[in-house]
Amino acid sequence: MTATLTRQSALSARPVQVPPAGVETKNGKLYVTIAYRRPGWQRLLGADEYCRRAYGLDSYGRDVYDACDGRTTVKKIVGGFAKRHNMSRVESETAVTKFLKTLMTRGLIGMSIEDKADIE
C-alpha cells in the first residue's frame, strides 16, 4: 500500500537537502555530487559498492535547491519563486513541485512532513 499526501500536507512539507558529497560552482551552474550505494546486481558484476554522481543545477534549479533548508515550506518556496521569476502562483507551483519531485528521486533532498494525520 502506497501512502498518499493531501495537497495541503504536500505544500506544508519542508524540503531538506541531503548532505552532499561535494558542491561546486562552474560556468554559472551549481554541481551537487551525491554518493550512493549501487544496486546489488551491479555489485555482483564487480562494480564498487559506492559511487558518486554529480547533478548540474541552472539558476532556477539552484534557486529551488537553496531554499530546501528544512525550515521553509513548499508553499513558501513556491511563493518566493513566483515573485522572483515574475510567474503566476499556479505556474510556479507546477514548476517547483515537479522539480522537487525530481530532486527527491535523485536523492538530493528529503521531505519533512509534520502532520502525518493527513497521509491517506
If I take atom CD from residue Glu91 and atom CG from residue Asn86, how far apart are they, to the nearest 0.5 angstrom? 9.5 Å
I'd like to know if Ile113 and Val16 are part of one continuous hydrophobic network [Ile/Leu/Val/Met/Phe/Trp/Tyr, side-chain heavy atoms within less than 4.5 Å]. no
Going by distance alone, is a donor N or O of one side chain under 3.5 Å from an acceptor N or O of the other, for Thr6 and Ser9? yes
Considering all heavy atoms, the nearest Leu100-Cys68 contact: CD2-SG, 3.7 Å
Heavy-atom nearest pair, Arg38 first then Cys51, reads NH2-CB, 3.4 Å
Within a reach of under 6.0 Å around OH of Tyr60, are more than 12 heavy atoms found that belong to other residues, nucleotides or ligands? no
Is a side-chain N or O of Ser92 found less than 3.5 angstrom from the main chain of Val78, in a donor-acceptor match? yes
Apply side chain to side chain contact (heavy atoms under 4.5 Å, CB included) to the pair Val23 and Tyr31, showing each step before the final yes or no. CA-CA 6 Å; Val23 177; Tyr31 289 89; over 6 Å; no
Counting only heavy atoms not in Arg84, do more than 12 sit closer than 6.0 Å to its CZ atom? yes
If you look at every heavy atom in Arg43 and Asp48, which pair is closest and at what distance? CG-O, 4.1 Å
Minimum-distance pair of heavy atoms, taken over all atoms of Leu30 and Tyr65: CD2-CD2, 3.9 Å
Roughly how far, to the nearest 0.5 Å, is the CZ atom of Arg14 from the CD1 atom of Ile77? 10.0 Å
According to a hydrophobic-cluster definition based on side-chain heavy atoms being under 4.5 Å apart (Ile, Leu, Val, Met, Phe, Trp, Tyr only), do Val64 and Val18 belong together? no
Using a 4.5 Å cut-off on heavy atoms from C-beta on, say whether the side chain of Thr97 contacts that of Val74. yes
Side chain to side chain, Asp69 and Gln17, heavy atoms closer than 4.5 Å: no
Min side-chain heavy-atom separation Tyr55-Ile34 under 4.5 Å: yes
Side-chain contact, heavy-atom cut-off 4.5 Å: Glu49 with Arg37? yes
Heavy-atom nearest pair, Ala21 first then Arg52, reads CB-NH1, 3.3 Å
Within this structure, what is the CZ-CD1 distance for the pair Phe99 and Ile109, rounded to the nearest 0.5 Å? 8.5 Å
What are the two closest heavy atoms between Lys29 and Asp58, and how far apart are they? CG-CA, 4.4 Å
Does the side chain of Lys83 come within less than 4.5 Å of Arg89's, by heavy atoms? no
Does the Glu93 side chain pair with the main chain of Val90, one donor and one acceptor, at a distance under 3.5 Å? no
More than 12 non-hydrogen atoms from neighbouring residues, nucleotides or ligands closer than 6.0 Å to CZ on Arg53, yes or no? no
Side chains of Thr25 and Arg62 in contact at under 4.5 Å (non-hydrogen atoms): yes
Can you measure from CG (Leu103) to CG (Leu57) and round to the nearest 0.5 angstrom? 6.5 Å
